[in-house]
Amino acid sequence: MQLVKDKYPEVKLYVPPGSLLELELKNHGLSYDREAFADRRYVCEGKLVSRNDSNAVIEDVSKLVNQLSMMVHEHKVICIDEQEIPLNAQTYCVHGDNLSIVHNFNEVITALNLNRIKIG
């Protein structure tokens, strides 16, 4: 943390919500945003489902948009056990290796606009 504070004080880091890294950055007065993943599923503890699990990645556009809409507008996500859990983030990511979403990105953009989700 000291290296970041000394050498890169202007850098904003993206961190998982509720992570140890977020706590450390906050304690050191460093800038960060909480980042969530629109195309990934979550366990009920708020962490990402392991990529080793075949159900870890959301490949369906409508499911991705529904999840992202809930994240943005309600600050929640439905975890793998079908429970709603809080998830407060300032930035959202879609992985470039999720080819089903990449190939249908125009559909994703249209759906996000319809759900009042700004892309930046």
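The distance from the OG atom of S62 to the CD atom of E107 is 8.0 Å, given to the nearest 0.5 Å. One finds the CG atom of D53 at 12.0 Å from the CG atom of L48 (value rounded to the nearest 0.5 Å). To the nearest 0.5 Å, the span separating CG on N27 from CD on E24 amounts to 6.0 Å. Atom CD1 of I85 and atom SG of C79 lie 5.0 Å apart (nearest 0.5 Å). Going from atom CG of L87 over to atom NE2 of H75 covers 10.0 Å, rounded to the nearest 0.5 Å. For the atom pair L114 CG and I109 CD1, the distance stands at 11.5 Å (nearest 0.5 Å).
Residues E35 and C93 are in side-chain contact: their nearest non-hydrogen atoms beyond the backbone lie under 4.5 Å apart. For the pair V72/Q67, no side-chain contact is recorded, criterion being any heavy-atom separation below 4.5 Å from C-beta on. Two residues are said to be in side-chain contact when any heavy atoms from C-beta on lie closer than 4.5 Å; R51 and H95 meet this criterion. Side-chain contact between E22 and Y32: present, with at least one pair of heavy atoms (C-beta onward) separated by less than 4.5 Å. No side-chain heavy atom of R40 sits less than 4.5 Å from a side-chain heavy atom of I58. Residues I78 and E84 meet the side-chain proximity criterion, which asks for heavy atoms closer than 4.5 Å. Side-chain contact between M71 and Y42 is present, with at least one heavy-atom pair separated by less than 4.5 Å. Counting heavy atoms from C-beta outward, L30 and L13 have side chains that stay 4.5 Å or more apart.
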message = Evaluate L64 against D60 for side-chain contact (heavy atoms from CB on, under 4.5 Å), listing each step before the verdict.
response = CA-CA 6 Å; L64 177 143; D60 179 87; over 6 Å; no

request  = Report the C-alpha separation of V11 and V4 in whole Å, then their side-chain angles, then the decisive distance to 0.1 Å, and conclude whether the side-chain contact (heavy atoms from CB on, under 4.5 Å) test is met.
outcome  = CA-CA 8 Å; V11 171; V4 174; 5.5 Å; no

task = Using the side-chain contact (heavy atoms from CB on, under 4.5 Å) rule, take K63 and R41 through it: C-alpha gap first, then chi angles, then the decisive distance, then the call.
result = CA-CA 10 Å; K63 289 179 182 178; R41 291 195 173 82; 4.3 Å; yes

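Connection of V77 to V15 is not established within any shared hydrophobic cluster, with ILVMFWY side chains joined at heavy-atom distances below 4.5 Å, either directly or through further cluster members. In the hydrophobic clustering of ILVMFWY residues, with side-chain heavy atoms under 4.5 Å counting as a link, L112 and F105 come out together. Tracing side-chain contacts under 4.5 Å through hydrophobic residues (I, L, V, M, F, W, Y), one reaches Y8 starting from M1; they form part of the same cluster. I80 and F37 are not part of a single hydrophobic cluster, where members link through side-chain heavy atoms under 4.5 Å apart.
Of the possible polar contacts, none joining the K12 side chain to the D33 backbone as a donor-acceptor pair under 3.5 Å is found. Using a distance-only test at 3.5 Å, with no hydrogens or angles considered, no donor-acceptor pair links the side chain of S69 to the main chain of N66.
In this structure, V65 and V108 approach most closely via the heavy-atom pair CG2-O, 4.4 Å. Residues R34 and A89 share a closest heavy-atom pair of O-CB, 3.3 Å.
Among the candidates V43, V57, N55, the single residue satisfying the side-chain contact (heavy atoms from CB on, under 4.5 Å) test with V49 is V43.
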